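Please read the structure below before turning to the comments.
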Amino acid sequence: MGWIFKRSLRRSRLSRWSWQRRRGAAKKCAGSSQVCFEVLAMGGGHWIRGIVDEIIKRGDERIVIHTGKTPSGPIHIGAEREQFICSAIQRELESRGLESTFNFIVDSYDPIKSIPAGLQVPKGFEEELGKPLSSVPDPFGCHNSYAYHFADEFIKCQPRFGLSPNIVYTHELYTKPAMKDAIRTVLTKLDQLKAIRRKYLHLPEEDGTADDWNPVMAVCEKCGKIALMKNEVVPNKIDSWDLEKDALSYTCSSCGHKGQGKISDLSLKLSWRVDWSAKWAVFRVTCEPAGKDHCVKDGAYDMGLEVCQEIFGYRGPLRVSYEWLTLGEHAMKTHKGITFTPAEWLKIAPPETLRYLILGADPMRHISFLPERIPDIVDNFDRIERIYYGIEVPPSCNDLEHLKDLYKLCVIDKPRESAPARLPYRFAATIVQLEPVMGRDKVLAKSLEYAARLHGKSSLSDYEAADVSLRLSVAANWISLYAPSQAKFKISTGELDIRITDEVERKFVTSVANLVEGNLSETDLQNRIFESARALGIETGKAFSVLYRILIGSERGPRLAPLLLALDRDWVVKRLKSTIE
RNA sequence: GGGCCUGUAGCUCAGUACGGUAGAGCGAUGGGCUCUUAACCCAUUGGCCAAGGGUUCAAAUCCCUUCAGGCCCGCCA
């Protein structure tokens with residue numbers, strides 16, 4: 001009998017730091033013979049603690065944490081939700097002195113069902129549909145297969161996000177004796193399995209003779225396909241088998257080939273609900289998170305647990321269900337080409353901030369992510385970092401324990417001894433736009449100086465300096481790829497149609513032009529501009545916006561003196577004067 | 001049709017387990033600052049807590065109904 005880990009959303013929201021766990025009376029789930037417990041976290045801290053309490057309570061000999069993904073195309077950041085939950089479980093276990101194994105199952109043996117929208121593939125690629133992903137060529141030509149290409153793209157990001165699971169490819173796994181045995185078990189207990197399946201799919205009860213379903217699929221030796229992909233998926237059917245002789249025959253639904261051979265030699269696979277259970281049993285999985293789509297009543301997880309128990313004799317893993325991470329309002333769909341990959345995240349934001357986005361939210365909450373909100377996310381991460389180190393006080397003292405836990409789960413390595421000096425993302429996004437005029441070195445130097453000054457340090461450690469540099473480069477990418485127009489500015493080099501008519505403003509612009517010609521230092525120039533504005537009786541805010549309009553066509557802008565000094569002096573003077581002619 | 005989840009300020013979300021003055025950040029507005037790298041500080045603004053009903057001295061919170069959105073109920077993963 002599988003244990004169901006039912007997390008009641010209403011009772012487990014992120015910021016109820018003062019959670020309690022209550023072991024409710026066991027209650028029967030309607031329509032299922034399984035027992036549900038409402039598991040609530042006890043005490044303060046992060047929700048991961050409640051999950052780990054449950055894991056420990058199982059008393060498994062070895063703790064095995066699983067995640068899985070089918071590399072049917074680019075793997076998006078939603079898949080990281082599962083990865084990070086596992087990573088967080090592992091860290092929490094570690095902090096309690098417990099070791100665990102973390103496997104990432106790449107379902108490379110699944111057939112390719114469609115070609116994701118927007119993916120450039122060679123001509124005639126449709127011919128590959130129905131083959132296992134592991135034997136479909138890589139359309140980019142850089143990996144041994146389609147499966148490897150997309151799996152690797154995802155996997156190679158993982159160490160940067162602070163995790164390194166063991167990778168298991170199912171096309172390799174299925175050659176192992178343990179999986180062959182699982183297939184033999186399935187064939188032995190086929191009638192029992194059919195009955196379970198009929199129950200979950202709400203099919204009418206039958207005597208079983210008319211039900212010719214069989215979860216064992218064979219890869220055709222002739223055409224290499226495991227299923228026919230037309231309007232629907234038609235798997236290659238098993239015609240007969242003889243377990244005494246370990247023999248099996250099949251018909252290919254694509255090319256019609258009839259093949260036969262030994263179970264130990266043929267390329268066989270189980271269809272997915274049974275496949276999932278078989279893997280749970282083979283690896284003795286303690287816990288596997290799954291998307292809420294699989295976790296609904298009588299869904300794949302429910303059925304999988306029963307199959308695992310009844311057919312394979314293992315009670316199955318603890319379920320942790322999680323909601324989708326959407327791109328704004330849109331669910332990410334690999335086959336529709338709506339994706340945002342971990343690699344894209346790393347281009348525009350520091351890695352720990354994705355952990356923050358995902359682990360900061362209760363698993364059962366939607367996370368709606370939009371790339372233009374990256375600065376908020378990074379700022380919020382910086383804020384919990386300051387709270388962790390006691391530099392800032394959280395709005396409510398109840399938050400403290402949760403936020404400290406959360407911070408520890410987000411940092412890539414271990415928290416440092418003291419708060420690292422960070423360059424604010426918004427600062428980075430601004431100054432980086434001056435790179436064309438200031439040059440990369442000067443931008444970096446200014447940024448290092450600013451980060452040090454903000455944190456009251458005279459110099460930065462190597463780690464801090466590297467982080468400042470990283471933030472500059474991700475902010476630059478964000479500006480060019482995702483920043484909304486109000487975050488961007490451009491030196492307006494084109495013809496100006498601004499004419500300053502107000503007499504006082506004309507005087508102000510003239511005096512600034514003179515100041516720029518005067519070869520002043522940065523601080524002097526900045527101060528003199530203010531003095532000049534005040535002397536003329538213009539509001540300083542208004543005075544500055546006049547200058548920003550002339551230079552970058554915006555009401556506001558980066559600190560003015562450095563901007564003026566970074567630009568070509570003659571050009572600035574000419575430009576300022578052109579507005580008052 | 002059956003089931004699960006969601007709906008709180010312009011935006012992102014806390015608060016719902018155990019009913020007790022409607023919260024934060026961002027934004028917007030105003031003010032301040034020998035004065036801004038879209039900064040900072042202060043203040044203000046903002047909500048019929050999706051709608052309706054019920055229970056209660058008291059409901060965002062518990063119960064019922066409705067509406068809107070997401071997802072599952074495929075021999076697919």
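Just so it is clear, the structure is predicted and the values come from calculations on it, not from any experiment. Residue numbering restarts at 1 for every chain, and letters A, B, ... go by the order of the sequence lines.
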Side chain of [X]: nearest nucleotide among [options]?
X        : options             : result
A/Ser368 : B/C75, B/C13, B/A77 : B/C13
A/Arg197 : B/C71, B/C75, B/U37 : B/C75
A/Ser271 : B/C5, B/U12, B/A77  : B/A77
A/Glu522 : B/C72, B/U37, B/C75 : B/U37
A/Asp293 : B/C71, B/A38, B/U37 : B/C71

Using the C1' atom in both, what is the distance from B/U37 to B/G70, to the nearest Å? 42 Å
If we take the C1' atom in both B/G19 and B/C49, what is their distance in whole Å?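 After rounding to an integer number of Å, I get 15 Å for this pair.
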For the residue pair [X] and [Y], categorise the inter-ring angle as parallel (less than 30°), tilted (30 to 60°) or perpendicular (more than 60°).
X        : Y        : value
A/His294 : A/Trp276 : perpendicular
A/Trp280 : A/Tyr301 : tilted
A/His171 : A/Tyr148 : perpendicular

All N/O contacts under 3.5 Å from nucleotides 43-47 of chain B to the protein, with atom names and distances to one decimal?
none

Show me, pair by pair, the donor-acceptor contacts under 3.5 angstrom made by side chains of residues 67-75 of chain A, not counting sequence neighbours?
residue, atom, partner, partner atom, Å
A/Thr67, OG1, A/Gln83, NE2, 3.1
A/Thr70, OG1, A/Asp110, OD2, 3.1

Check nucleotides 25-30 of chain B against the protein and report each pair of N or O atoms closer than 3.5 Å, with its distance, or say if there are none.
none

With sequence neighbours excluded, what pairs up with A/Tyr250 under the ring pair (Phe, Tyr, Trp, His ring centres under 6.0 Å) test?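 Once residues adjacent in sequence are excluded, A/Tyr250 has no partner under the ring pair (Phe, Tyr, Trp, His ring centres under 6.0 Å) criterion.
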Within residues 103-116 of chain A, residues whose heavy atoms come under 4.0 Å of RNA chain B: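 The answer is A/Asp110, A/Lys113.
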Value in whole Å for how far the C1' atom of B/U12 lies from CD1 of A/Ile384: 16 Å
Would you list the pairs meeting side chain to side chain donor-acceptor pair (under 3.5 Å) in which at least one residue belongs to residues 369-381 of chain A, sequence neighbours left out?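 Output for this query lists A/Asp376-A/Arg426, A/Asp379-A/Arg426.
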